[in-house]
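Here, residue 1 is the first one in the sequence, and each next residue gets the next number. In this text, all values refer to a predicted model and were calculated from it rather than measured experimentally.
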Amino acid sequence: MEATPRCRHFGSCGGCAAQDTAYAGQVRRKEAALAALLGRPVPVEPSPHAYGYRTRMDYVFAWGKLGLRKKGDPRGVLDLEECPLLPDRAFEIVLKVKEAIRRHGIPPYSYVSHKGYLRYVVVRAAPVTGESMLTFLTNGDDPAVRVLLDDAEAWAESVVWAVTERRADISFGEIREVRGRDWIEETIGPVRYRFGPNSFFQANPWVTERLYAHVADRCEGRVLDLFCGVGGIALFAAARGVESVAGADNVEEAIAFARHNAEANGLRNVQFDTADAGAFLKDRSCETLILDPPRAGLGGKTLRRVLESTPRRIVYVSCNPKVLARELPQFAGYALADLRGFDLFPQTPHVEVVATFDRA
C-alpha cells in the first residue's frame, strides 16, 4: 500500500523510513517483523496519529545546518525546513531558532573535528497540553548562547542551556541555566506528568496511554517498577488501585519528578527511590515486577536479580525487540503468557513490545 510522503525531505533525511507506505501497511510490516524475530504472532497496537506525535526531537547543529543526519551519510546534516513528526507548534519554534542562530551568528560544533560551539537543539513537546521545552547544548560554557535564551523565552515554557565537553556525539549535558520553568507537563489518560530536560519520557502520548493501561491491567498485589523514570507506568498502576507500587530509577531528576507527580495526582499508594535496579530488588518481594530498561536491555546481573526475586508475574516493556528476543529464553522458571506490540513510532521501523511472564 503506497502513500504520498508528507515531508519534502523524505528520502534524503534519516529521520523517517516509511512515509511512502500507508500507515496500515506500516503496522502490518511491524507485525510481520516481530513474528519473524520472536517466533510467534505479535499484534501491534496502532497509533491514532501517524504524524505530530513526537514528544522529543534532537536536532544536530553542524556545518551551519540545523536538522537530522542525512540518510546513508552519518556525517552529513540535512537542514530541515519541516518535520511532521513533531506537533506543528513545536516545529514552528525550531524554525524561529534557526533564524535566531543565523541572526546572532552562533557558530556550530563539528562532531568530526570536535571543535566549535552549539552542538544540539533539543525540542521536547507535550502534544496534549501544548507545552514545549528547548534545550541548547553547547561545547563548553562560553555564554554566547544567552542571546538565544533571551529570544527563546518568548517561544517555549522552558528554555535550558546545557553544557558538555565530551567527544561522544551526545545530546545531553550538565545544566547551566534555565529560563522560565525547568519542567513541562503532559497528560496521559487520567495522569498528569511533569518532566525535565534530562528525564526520560515516552515518545507518543496516545499510544503510551494504551501501553500503560495494558501493563497496569496485568498488575496485582504489591508492584515493583524498575527503570521507572518520572513514574509513568507506576502511577498508572497506582491509579488502577493495586495494593502498592514502589519505583526505582538511577536518575535523581526523574525520581524528584516522580515524587511530585504522585503527590500532584493524589496517589498515596506509591513511593519512589533513587537506586540501581539490581540493588533495589535486594531484600524486596512483590507479586508483580515491571521492567522498562533502556535499549541495551537488562544485562545479566540485573536479570539474575529479577529471577531471584521470584515475583508471580513479570511485565517487561522493551524498546528493542532484538534484545528482547535474546533475553526471552533466559527467563527460567517463567512461562511467556503474552506478547503485544505498540507502535509509538509511526513512519519509522521502531516498535515497543510488552512481554508478560507468569511463574511456572
Is the shortest heavy-atom distance from the side chain of Phe91 to the side chain of Leu80 under 4.5 Å?
yes
Answer with yes or no whether the side chains of Ser309 and Arg284 bring together a donor and an acceptor at under 3.5 Å.
no
Classify the ring geometry of His350 against Phe345: parallel below 30°, tilted from 30° to 60°, perpendicular beyond 60°.
perpendicular
Would you name the heavy atoms of Pro190 and Phe236 that are closest together and state the gap between them?
CD-CZ, 3.6 Å
How about Phe172 and Pro197: do any of their side-chain heavy atoms sit closer than 4.5 Å?
no
Examine Leu85 and Ile93 and state if one hydrophobic cluster contains both, with Ile, Leu, Val, Met, Phe, Trp and Tyr joined whenever side-chain heavy atoms are less than 4.5 Å apart.
yes
Verify the neighbour count for atom CZ of Arg8: are there more than 12 heavy atoms of other residues, nucleotides or ligands below 6.0 Å?
yes
Could you tell me whether a side-chain N or O of Glu186 sits under 3.5 Å from a main-chain N or O of Thr129, the two making a donor and an acceptor?
yes
Trp161 and Thr138: side chain donor to acceptor below 3.5 Å
yes
Roughly how far, to the nearest 0.5 Å, is the SG atom of Cys228 from the CG atom of Leu291?
12.0 Å
Side-chain donor or acceptor of Glu327 paired with backbone N/O of Gly297 under 3.5 Å
no
Is the backbone of Gly232 close enough, under 3.5 Å, to the side chain of Tyr193 for a donor and an acceptor to pair up by distance?
yes
Among Arg89, Arg181, Arg124, which residue meets the salt bridge (Lys or Arg N to Asp or Glu O under 4.0 Å) test with Glu131?
Arg181
With rounding to the nearest 0.5 angstrom, report the CD1 to CE distance, Ile184 to Met133.
5.0 Å
Return yes if some donor-acceptor pair links the side-chain N/O of Arg218 with the main-chain N/O of His214 below 3.5 Å, else return no.
yes
Okay, side chain of Asn261, backbone of Arg194: is any donor-acceptor separation there less than 3.5 Å?
yes
Using modelled atom types and a 3.5 Å cut-off, is there a donor and acceptor pairing between side-chain atoms of His9 and backbone atoms of Cys83?
no
Taking all heavy atoms of Phe257 and all of Gly196, pick out the closest pair and write down the distance.
CE1-N, 3.3 Å
Could you tell me whether the side chain of Asp20 reaches within less than 4.5 Å of the side chain of Pro5, counting heavy atoms only?
yes
Which pair of non-hydrogen atoms, one from Ala277 and one from Phe227, has the smallest distance, and what is that distance?
CB-CZ, 3.6 Å
Leu66 reachable from Val147 in the ILVMFWY side-chain graph, under 4.5 Å edges
yes
Do you see a donor-acceptor pair shorter than 3.5 Å between the side chains of Gln202 and Tyr212?
no
Counting C-beta onward and ignoring hydrogens, is there a side-chain heavy-atom pair between Leu235 and Val270 closer than 4.5 Å?
yes
So, for Ala100 and Asp151, which heavy atoms are closest and what is the spacing to 0.1 Å?
CB-OD2, 3.7 Å
Report yes if some heavy atom in the side chain of Trp155 is under 4.5 Å from a heavy atom in the side chain of Ser132; otherwise report no.
no
With the 4.5 Å side-chain cut-off for hydrophobic clustering, are Val354 and Ile290 part of the same group?
yes
Examine distances only and state if a side-chain atom of Glu253 and a backbone atom of Asn198 form a donor-acceptor pair shorter than 3.5 Å.
yes
When every non-hydrogen atom of His49 is compared with those of Trp206, the smallest separation belongs to CD2-CD2, 3.3 Å
Walk me through it: do Leu78 and Leu68 pass the test side chain to side chain contact (heavy atoms under 4.5 Å, CB included)?
CA-CA 6 Å; Leu78 190 67; Leu68 296 175; 5.7 Å; no
Cluster question for you: counting only ILVMFWY and a side-chain heavy-atom cut-off of under 4.5 Å, with indirect links fine, are Met57 and Tyr51 together?
no
NZ or CZ of Arg56 within 45° of Phe195 ring axis and under 6.0 Å
no
Please identify which of these residues, Leu137, Thr135, Asp182, meets the side-chain contact (heavy atoms from CB on, under 4.5 Å) condition with Val160.
Thr135
Distance alone, cut at 3.5 Å: any donor-acceptor contact between the side chains of Thr164 and Arg119?
no
Donor-acceptor contact below 3.5 Å, side chain Glu352 vs main chain Phe342
no
Heavy atoms only: give me the nearest Ala144-Tyr117 pair and the separation to one decimal.
N-OH, 3.3 Å
Rounded to the nearest 0.5 Å, what separation is found between the CZ atom of Arg40 and the CG atom of Leu336?
4.0 Å
Is a side-chain donor-acceptor pair under 3.5 Å present for Asp169 with Tyr120?
yes
Neighbour count >12 (heavy atoms, 6.0 Å) for atom CZ, Arg75:
no
Is Phe280 linked to Leu303 within one hydrophobic cluster, defined over Ile, Leu, Val, Met, Phe, Trp and Tyr using a side-chain heavy-atom separation of less than 4.5 Å?
yes
Are the charged groups of Arg304 and Glu308 less than 4.0 angstrom apart, N to O?
no
Between Tyr111 and Ile170 (side chain of the first, backbone of the second, donor and acceptor by atom type, cut-off under 3.5 Å), is there such a pair?
no
Looking at Asp88 and Gly52, would you say the former's side chain and the latter's main chain have a donor-acceptor pair under 3.5 Å?
no
Hey, are the side chains of Leu344 and Cys319 touching, using non-hydrogen atoms and a 4.5 Å cut-off?
no
Could you give the distance from CG (Asp225) to OG1 (Thr288), rounded to the nearest 0.5 Å?
11.0 Å
List the steps, then state whether side chain to side chain contact (heavy atoms under 4.5 Å, CB included) holds for Val306 with Leu281.
CA-CA 7 Å; Val306 165; Leu281 275 179; 3.8 Å; yes
Taking it one step at a time, do Thr187 and Arg192 satisfy side chain to side chain donor-acceptor pair (under 3.5 Å)?
CA-CA 4 Å; Thr187 299; Arg192 192 173 179 93; 3.2 Å; yes
Report yes if the side chains of Val121 and Phe136 come closer than 4.5 Å at any heavy-atom pair, otherwise no.
yes
Does the side chain to side chain contact (heavy atoms under 4.5 Å, CB included) test come out yes or no for Ser110 and Lys115, once each step is laid out?
CA-CA 5 Å; Ser110 169; Lys115 296 178 181 179; 5.5 Å; no
Measure the shortest side-chain to side-chain distance between Val207 and Tyr53 over non-hydrogen atoms and say whether it is less than 4.5 angstrom.
no
Please lay out, stage by stage, how Val123 and Leu134 fare under the test side chain to side chain contact (heavy atoms under 4.5 Å, CB included).
CA-CA 5 Å; Val123 185; Leu134 278 172; 3.9 Å; yes
Spatial distance of atom SG (Cys13) from atom CG (Asp79) [nearest 0.5 Å]:
11.0 Å
How many angstroms lie between CG in Leu298 and NZ in Lys301, if you round to the nearest 0.5 Å?
13.5 Å
Neighbour count above 12 (heavy atom, 6.0 Å) for Glu99 CD
yes
